[in-house]
Amino acid sequence: MIRSVCGYCGVGCGLEFDKDKLIGDVTYPINEGKLCSKGISELISINTSTRLLRPLLRESIKDEFKISSWQDSIRAITDKIKETPKEKIGFYLSGQLLTEDYYIANKFGKGFIGTNNVDTNSRTCMSSAVVAYKKSIGADFVPLRMDDIFKANLLILAGANTAEAHVVFHNQIKKAKKEGLKVVVIDPRFTDTSKIADIYLPIKVGGDIDFFNLISKRLIDEELYNREFVENHINNFELLKNKFKRAAVTKMLKRTGLTAEQFDAFFELYKNSENIITAWTMGLNQSVQGVDKNLSLINTHLLTGKIFKEGNGPLSLTGQPNAMGGREVGGLSTMLAVHLGFDSESVKKVSKFWNTDKIDNKPGLTATQMLEANLDVLIICHTDPVYHLPNRNRVEELIAKIPMVVEINAYENSETAKYAHIRLPAAPWGEKEGTQTNLDRTITKQEKLTRTSIECKPDWEIFKLLACGLGYEREFNYQHPKEIFQEYQEMTKLNGYMDISEVSYDELSEKPFIWGEKIKNFLTPDKKGNLFFVENRLLSEKTTLEYPFILLTGRTRDQWHSGTKTNLPTTLLKYKELNFCEIHPEDAKNLSIKNGDEIRVVSKRGSLLTKALVTDAINEKTLFIPISNREVNYLTNDLLDRESFEPDYNHSAVKIEKL
Ligand SMILES: Nc1nc2c(c(=O)[nH]1)N[C@H]1C(S)=C(S)[C@@H](COP(=O)(O)OP(=O)(O)OC[C@H]3O[C@@H](n4cnc5c(=O)[nH]c(N)nc54)[C@H](O)[C@@H]3O)O[C@H]1N2
Ligand SMILES: Nc1nc2c(c(=O)[nH]1)N[C@H]1C(S)=C(S)[C@@H](COP(=O)(O)OP(=O)(O)OC[C@H]3O[C@@H](n4cnc5c(=O)[nH]c(N)nc54)[C@H](O)[C@@H]3O)O[C@H]1N2
Ligand code: SF4
Ligand SMILES: [Mo]
């Protein structure tokens with residue numbers, strides 16, 4: 001029997017592999033033996049006929065691909081890199097990469113090519129939370145754990161559909177409910193998660209800042225905030241208090257779409273709850289004001305002192321299995337490595353550690369800026385930007401102009417493959433090993449369960465080949481991911497609070513390691529938390545008479561994003577529906593649309609065909625299309641948050657045409 005972990009979502013469930021069978025690990029604290037359909041199906045995706053099994057090469061994206069050798073493919077890439085200015089090179093990584101893969105790619109790009117254009121799909125996912133955590137508590141640090149829900153009295157889920165997106169955590173919430181936990185769900189759709197809510201609040205899309213501001217204002221007005229905590233540990237209280245004095249409560253409430261009675265019922269529960277956790281995901285992060293939404297939420301915890309205390313805190317639910325590990329390594333272009341930035345001291349420390357003089361001291365392009373930047377070489381690994389970036393027609397136009405697009409993927413049917421010149425076959429989950437950090441700082445190890453397909457290589461090895469091809473054999477002389485992990489561990493010592501050197505790679509096969517458990521204070525320079533006054537600035541795309549609906553997008557339970565691993569030709573799973581558009585019965589009636597009708601959904605930017613799902617689970621004038629529809633981003637707008645550069649995926653103006 002081999003112990004491993006699931007490679008899908010940020011919950012990070014433990015698995016046992018025994019005689020070709022996967023089951024949940026009962027000794028594992030997070031999932032206690034439970035798995036969701038995706039975890040159970042991990043093995044199936046290894047042997048699908050849609051694996052990418054050989055390097056492929058072509059001159060132009062109009063040509064057919066030809067099978068190539070590793071040697072020729074790597075040489076073609078390194079030759080091109082040699083003749084390209086470093087600012088014209090980009091690395092587009094993924095929160096699904098293992099820590100060792102991330103570490104090598106970051107070291108190669110930032111340390112030896114000398115470009116900080118190393119970013120990740122986490123930009124489209126968690127970057128608003130990263131910025132907000134840094135601003136308010138001083139570091140990209142999740143200050144509590146999932147199992148704190150068993151010590152809490154109230155769990156608020158804002159823009160998080162745990163029943164579909166963090167399934168095993170959702171089971172734990174249900175268990176905690178039996179022990180007395182109350183749950184409030186804030187979502188413009190009555191999701192499967194809402195079904196377990198004690199209070200469900202059908203917020204109007206984009207109304208969250210107003211909602212959390214209303215809480216903060218009431219806490220201050222009614223003197224329910226924690227005066228002692230605020231005086232000793234919090235900055236900017238007077239400023240916030242003064243700003244809220246003039247706040248227009250009626251207007252704010254109107255923007256939430258909630259009635260005064262709904263808010264009051266919620267607030268009654270809130271003020272009487274001793275221990276409170278507020279968890280959130282894409283409903284808040286993916287917004288043109290994603291950072292502000294996060295800050296307004298975190299404010300409530302700073303005012304009440306419900307942070308760094310068992311059963312309390314703002315809990316960002318990370319989506320991908322190793323988005324946290326990637327951030328820790330430094331996989332965002334807005335940080336250098338191990339949570340260090342681009343100040344001269346950090347650059348000096350990292351340069352010394354990597355023994356290089358090539359590090360640039362300015363942040364690089366974000367994933368959401370790379371395609372606009374006229375790059376000459378773009379290396380994409382473990383992610384599918386053509387599928388996942390907003391405003392896809394524009395994305396296709398831009399990526400088609402890049403002279404060399406390299407795609408490293410374990411499967412052949414991504415959308416990005418259509419725009420690649422070179423495709424390199426990666427070894428997927430089960431054919432390789434390495435570590436990952438889940439959403440609450442738990443570092444675990446994925447194990448190799450089966451032999452690596454002949455021509456496939458783990459991602460770290462592919463970056464190693466590229467680095468060696470450019471003459472950095474000495475700096476990238478790793479034979480095994482263990483050596484990379486150990487170097488990374490050593491590096492975490494550069495940033496005191498991140499030090500993970502006490503665990504050993506081999507021990508991780510036996511049991512997970514949780515870093516940062518001793519941190520119980522703010523990580524800002526003055527050790528105080530920062531309140532921020534933020535307002536709903538209504539910056540999202542406006543609906544018009546022509547485009548009267550707001551489109552939301554999000555997950556379905558059994559599908560993993562584009563579905564290269566879950567939507568398989570030979571799948572044994574019975575799926576929940578993957579292709580639909582939720583529409584309110586009133587709206588459907590006005591358009592004479594019946595359940596199951598074929599419809600065309602159209603935005604200013606593009607359109608797609610889908611089927612109507614008429615349901616009062618969604619607010620009026622609001623539509624929902626799941627991202628299991630690969631074409632969803634033909635519709636979405638490309639507005640970005642000005643600080644996190646995360647897209648506004650949940651607020652595009654669209655119309656419906658009946659076919
Ligand atoms: N099955 C499955 N699970 C996954 C994934 C997957 O592809 N499939 N992906 C993983 C990843 S990478 C991520 S990031 C997570 C995402 O996890 P979640 O964010 O929980 O999932 P989503 O469905 O994207 O969106 C969450 C909810 O936000 C709501 N929402 C939209 N706009 C607003 C708003 O203005 N305010 C509020 N309060 N709510 C709003 C939507 O209606 C939706 O129900 O899931 C992870 N887990
Ligand atoms: N409209 C809209 N768009 C969104 C979102 C949304 O909610 N709405 N959510 C955004 C978010 S939160 C996220 S995280 C992104 C997700 O978007 P993507 O990251 O593009 O989605 P995936 O389908 O998970 O892509 C992972 C790719 O890695 C490949 N792969 C699998 N295993 C391996 C391996 O071991 N090595 C390598 N090299 N490749 C491998 C898979 O085949 C797949 O092509 O989408 C973003 N886009
Ligand atoms: S909840 Fe997440 S980690 Fe657990 S089995 Fe499902 S996909 Fe895997
Ligand atoms: Mo994500």
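The first residue in the sequence is number 1, and the count goes up from there. Both ligands and their constituent atoms are indexed starting at 1 by order of listing.
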Side chain, backbone, both or neither: which part of Gln559 has a heavy atom under 4.0 Å from ligand 1?
backbone

Decide whether an N or O pair under 3.5 Å exists between Asn161 and ligand 1.
yes

Does Cys381 have a non-hydrogen atom less than 4.0 Å from ligand 2?
yes

Atom indices of ligand 1 within 4.0 angstrom of Thr191 heavy atoms, with elements
44 (O)

Ranking Asn633, Asn650, Thr281 by closest non-hydrogen atom to atom 1 (N) of ligand 2, top hit is Asn633

Looking at non-hydrogen atoms alone, which of Lys432, His388, Gln286 comes nearest to atom 9 (N) of ligand 2?
Gln286

Could you see which bit of Ala165 sits under 4.0 Å from ligand 1, with heavy atoms only: side chain, backbone, both or neither?
both

Is the Tyr92 to His388 ring centre distance short of 6.0 Å?
yes

Ligand-residue contact atoms, ligand 1 with Lys38, heavy atoms, under 4.0 Å
1 (N), 2 (C), 3 (N)

I'd like to know whether ligand 2 has Ala427 as a neighbour, heavy-atom separation below 4.0 Å.
yes

Atom indices of ligand 1, in the order listed, that fall short of 4.0 Å to a heavy atom of Glu164
1 (N), 2 (C), 3 (N)

For ligand 1, does Val205 get within less than 4.0 Å through its side chain, its backbone, both, or neither, judged by non-hydrogen atoms?
both

Select one of side chain, backbone, both or neither to describe which atoms of Met126 lie under 4.0 Å from any atom of ligand 1, heavy atoms only.
neither

Heavy-atom closest contact (Val534 atom, Asn213 atom, distance):
O-ND2, 2.8 Å

Based purely on interatomic distance, does Trp560 place a nitrogen or oxygen under 3.5 Å from a nitrogen or oxygen of ligand 2?
yes

Just heavy atoms, cut-off under 4.0 Å: does Thr383 contact ligand 2 by side chain, backbone, both, or neither?
both

According to side-chain contact (heavy atoms from CB on, under 4.5 Å), who are the partners of Thr366, at least two apart in sequence or on a separate chain?
Asp119, Arg123, Ser333, Thr368, Gln369, Phe645

Test ring-ring contact (aromatic ring centres under 6.0 Å, His included) applied to Phe485 and Tyr103, step by step:
CA-CA 8 Å; Phe485 183 79; Tyr103 180 84; 9.8 Å; no

Distance-only N or O hit between ligand 1 and Arg557, under 3.5 Å
yes

For ligand 1, which atoms have a heavy atom of Pro188 less than 4.0 angstrom away?
30 (N), 33 (C), 37 (C), 39 (N), 40 (C)

Run the side-chain contact (heavy atoms from CB on, under 4.5 Å) test against Ala132 and tell me which residues pass, sequence neighbours left out.
Val291, Asn294, Leu295, Ile298

Out of Ile380, Leu552, Asn409, Ile625, the nearest non-hydrogen contact to atom 29 (C) of ligand 2 is supplied by Asn409

What do you reckon, does Ile186 have a nitrogen or oxygen under 3.5 Å from a nitrogen or oxygen of ligand 1?
yes

Is there at least one pair of N or O atoms, one from Thr162 and one from ligand 1, spaced under 3.5 Å apart?
no

Please compare His561, Arg555, Glu646 and report which has the shortest non-hydrogen distance to atom 12 (S) of ligand 2.
Arg555

Subset of ligand 1 atoms that lie under 4.0 Å from at least one heavy atom of Gly206
34 (C), 35 (O)

Quick one: does Thr556 get a heavy atom under 4.0 Å from ligand 1?
yes

Salt-bridge criterion met for Arg605 and Glu541 (N-O under 4.0 Å):
yes

Side chain or backbone, does Asp208 bring an N or O within less than 3.5 Å of an N or O on ligand 1?
yes

4.0 Å heavy-atom contact, Pro428 with ligand 2
yes

When you check the gap from the basic side-chain N to the acidic O, do Arg394 and Glu372 get nearer than 4.0 Å?
yes

Examine His166 against ligand 1 and note whether any of their N/O atoms are separated by less than 3.5 Å.
no

